[in-house]
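The next block holds one structure in the form of structure tokens; read it before the comments.
The residues of the chain are indexed from 1 along the displayed sequence.
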Amino acid sequence: MAVLHYTLDFKLRAPADVSATVRGLQSIFQEQEMTENVHDSEGHGYLATFVGKNGRFAILRMHSHGLVTFDLQCLEGDDVAQVDNLLNALEKKLKALLDGNIQRIKRLPALMRGSDVDRYWPTADGRLMEYDIDEAVYEKDSAYQNIKILHSRQFGNMLILNGDVNLAESDLPYTQAIMGSGKEHYAGKEVLILGGGDGGILHEAVKLKPKMITMLVIDGCRKHMRKTCGNVLDNLKGDCYEILVQDCVPVLKKFAEQGRTFDYVINDLTAVPISTAPEEDSTWEFLRLILDLSIRVLRPGGKYFTQGNCVNLTDALSEYEKLLCRLSCKVDFSKEMVCVPSYMELWVFYTIWKK
């Protein structure tokens, strides 16, 4: 059974009279049959917890710097009307008690904790998003990663890899951006796709009548992302494509040794790391390796497409652009920002070519 967590905050212009405020609220808690327990806050204002019927638990804090916070936890299935009445009564009473001293009032929708379907997922820059997820469609641990597919009423099925929102059926703008945003001519060209196990890039690329597409992937999701991939993942070979279920690094090295080249290389393996901290060194090294190998198999005049990350991660994106200057082959690049629907943030995409 899930727990609903409600919050009500009053930001004040100056610290409130604790005794008068607490006395003014006591009747509300008594009406709700909630038992008060005052705690020693060691000089940091007033702190009390309240336990009531139906498993309700509340925390009231009056911070010494002028912030009043009320947190209420209740079990899923509790009487919603009663809970609303309690919160409405508290808000109305606090407005009266703190009249003239209120800078801002904030009451948020309930946070649902421990539900069967997880609807909270962070953005790349660490902000919490609540999705309208109503069903867990699929979950499995592959040899490489945890794979979840959740259904959103707005975005359709959403692919989540290792806790990161990867792609939803609504996210055609992502696929278009990582393919050059409609500015490229794929007809008669040879294309290499790295990753892209959702099948979106392959599905869109075959429509453009390329000569041949080679796709290197470790996991694919052909069943639950049909609006994204169509039927291109049903078979490992098609009229103009071949899917190799292999680690891309040894295959890229083999292609480079054989002198095999491509007009377009599309890297959908991983985003730029969100951090430049030392613990991310292995990921940065992997990015450099993939970049170097991809540029080696890129024909003169060819282009390399990849995602960057959230536009707010300026340090990480700057580090990636510095990395481009340290490759074994000199390159130039351009970038664009695209709003990816299910990400709910602007995302940076790169186009890279040999100088």
Side-chain angles (χ1 to χ4, degrees), residues 117-125 127 129-142 144-182 191-207 213 215-234 241 243 245 248 265-274 287 290 305-311 313 336-350:
V117 179
D118 192 352
R119 62 180 69 174
Y120 301 99
W121 298 93
T123 60
D125 59 352
R127 291 172 292 116
M129 293 293 177
E130 179 176 5
Y131 288 85
D132 55 350
I133 291 168
D134 56 10
E135 182 185 359
V137 177
Y138 176 86
E139 180 169 7
K140 181 181 179 180
D141 286 313
S142 77
Y144 305 97
Q145 56 200 342
N146 175 262
I147 304 167
K148 289 185 178 72
I149 298 177
L150 306 177
H151 181 263
S152 157
R153 294 194 298 274
Q154 289 185 84
F155 305 125
N157 283 351
M158 295 172 54
L159 173 64
I160 297 175
L161 300 177
N162 291 334
D164 292 326
V165 175
N166 197 261
L167 195 82
E169 290 176 321
S170 62
D171 294 344
L172 182 59
Y174 175 99
T175 303
Q176 292 171 331
I178 205 169
M179 293 177 62
S181 295
V191 182
L192 177 63
I193 301 173
L194 308 178
D198 53 76
I201 297 171
L202 181 60
H203 179 56
E204 295 302 317
V206 297
K207 300 175 184 178
I213 303 170
M215 179 172 169
L216 304 177
V217 67
I218 55 173
D219 284 317
C221 46
R222 66 184 182 186
K223 182 178 179 181
H224 299 295
M225 298 287 288
R226 300 297 282 192
K227 291 181 181 178
T228 297
C229 67
N231 62 3
V232 294
L233 298 181
D234 290 353
Y241 68 88
I243 302 172
V245 185
C248 70
V265 178
I266 304 172
N267 176 7
D268 194 29
L269 292 169
T270 183
V272 169
I274 63 173
L287 278 181
I290 296 298
F305 299 114
T306 190
Q307 61 169 315
N309 211 309
C310 165
V311 69
L313 297 176
E336 68 171 329
M337 294 178 292
V338 173
C339 184
V340 180
S342 74
Y343 290 12
M344 295 194 267
E345 56 187 332
L346 288 174
W347 210 252
V348 177
F349 293 86
Y350 287 93

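Closest heavy-atom contact between Val232 and Tyr241: O-OH, 2.9 Å. The nearest pair of heavy atoms linking Glu130 to Arg119 is OE2-CD, 3.2 Å. Considering all non-hydrogen atoms of both residues, Thr175 and Gly200 come closest at CG2-O, 3.5 Å. In terms of heavy-atom proximity, Ile178 sits nearest to Gln307 at CD1-N, 3.8 Å. Of all heavy-atom pairs spanning Cys221 and Leu159, the tightest one is SG-CD2, 4.1 Å. Nearest heavy-atom pair across Val217 and Asp219 is CG2-O, 2.9 Å.
Residues passing the side-chain contact (heavy atoms from CB on, under 4.5 Å) test with Tyr138, sequence neighbours excluded: Lys140, Ile147, Ile149, His224. Residues satisfying the side-chain contact (heavy atoms from CB on, under 4.5 Å) criterion with Ser181, sequence neighbours excluded, are Ala177, Lys183, Glu336. With sequence neighbours excluded, the residues that form a side-chain contact (heavy atoms from CB on, under 4.5 Å) with Ser170 are Phe155, Ala168, Pro341, Ser342.
Using a distance-only test at 3.5 Å, with no hydrogens or angles considered, no donor-acceptor pair links the side chain of Asp164 to the main chain of Asn166. Formation of a donor-acceptor pair under 3.5 Å by the Gln145 side chain with backbone atoms of Asn162 is not found in this model. Using a distance-only test at 3.5 Å, with no hydrogens or angles considered, a donor-acceptor pair links the side chain of Glu345 to the main chain of Ala124.
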- Message: Run Val165 and Tyr131 through side-chain contact (heavy atoms from CB on, under 4.5 Å) and show every step you take.
- Response: CA-CA 11 Å; Val165 175; Tyr131 288 85; 3.9 Å; yes

- Verdict with supporting geometry, Leu192 and Leu216, side-chain contact (heavy atoms from CB on, under 4.5 Å): CA-CA 8 Å; Leu192 177 63; Leu216 304 177; 4.1 Å; yes

- Given the rule in the side-chain contact (heavy atoms from CB on, under 4.5 Å) test, do Leu269 and Ile290 qualify, once you have shown the distances and angles that lead to the verdict? CA-CA 9 Å; Leu269 292 169; Ile290 296 298; 4.0 Å; yes

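Looking at Asp118 and Ile133, their side chains never come closer than 4.5 Å, going by heavy atoms from C-beta outward. No side-chain heavy atom of Met158 sits under 4.5 Å from any side-chain heavy atom of Val137. The closest side-chain heavy-atom distance from Leu202 to Ile243 is below 4.5 Å. Side-chain contact between Trp347 and Cys339 is absent, with no heavy atoms from C-beta onward closer than 4.5 Å. By the 4.5 Å heavy-atom criterion applied to side chains, Asp268 and Asp198 are counted as neighbours. The shortest distance between side-chain heavy atoms of Thr228 and His203 does not fall below 4.5 Å. Cys310 has its side chain out of reach of Thr123: every pair of non-hydrogen atoms, C-beta onward, lies at least 4.5 Å apart. Contact annotation: the side chain of Leu172 approaches that of Glu204 to within less than 4.5 Å [non-hydrogen atoms, C-beta and beyond].
For the atom pair CZ of Arg222 and CG of Leu233, the computed distance is 8.0 Å after rounding to the nearest 0.5 Å. Atom CD1 of residue Ile213 and atom CD1 of residue Ile193 lie 5.0 Å apart, to the nearest 0.5 angstrom. A distance of 4.0 Å separates CG of Asn146 from NZ of Lys148, quoted to the nearest 0.5 Å. Here the CD-SG distance, from Glu169 to Cys229, works out to 8.5 Å after rounding to the nearest 0.5 Å. With rounding to the nearest 0.5 angstrom, the CG atom of Asn231 is 6.0 Å from the CZ atom of Arg226.
Counting non-hydrogen atoms of neighbouring residues, nucleotides and ligands closer than 6.0 angstrom, the CE atom of Met344 exceeds 12 such neighbours.
Side-chain N/O atoms of Asn267 and Tyr350 include no donor and acceptor closer than 3.5 Å.
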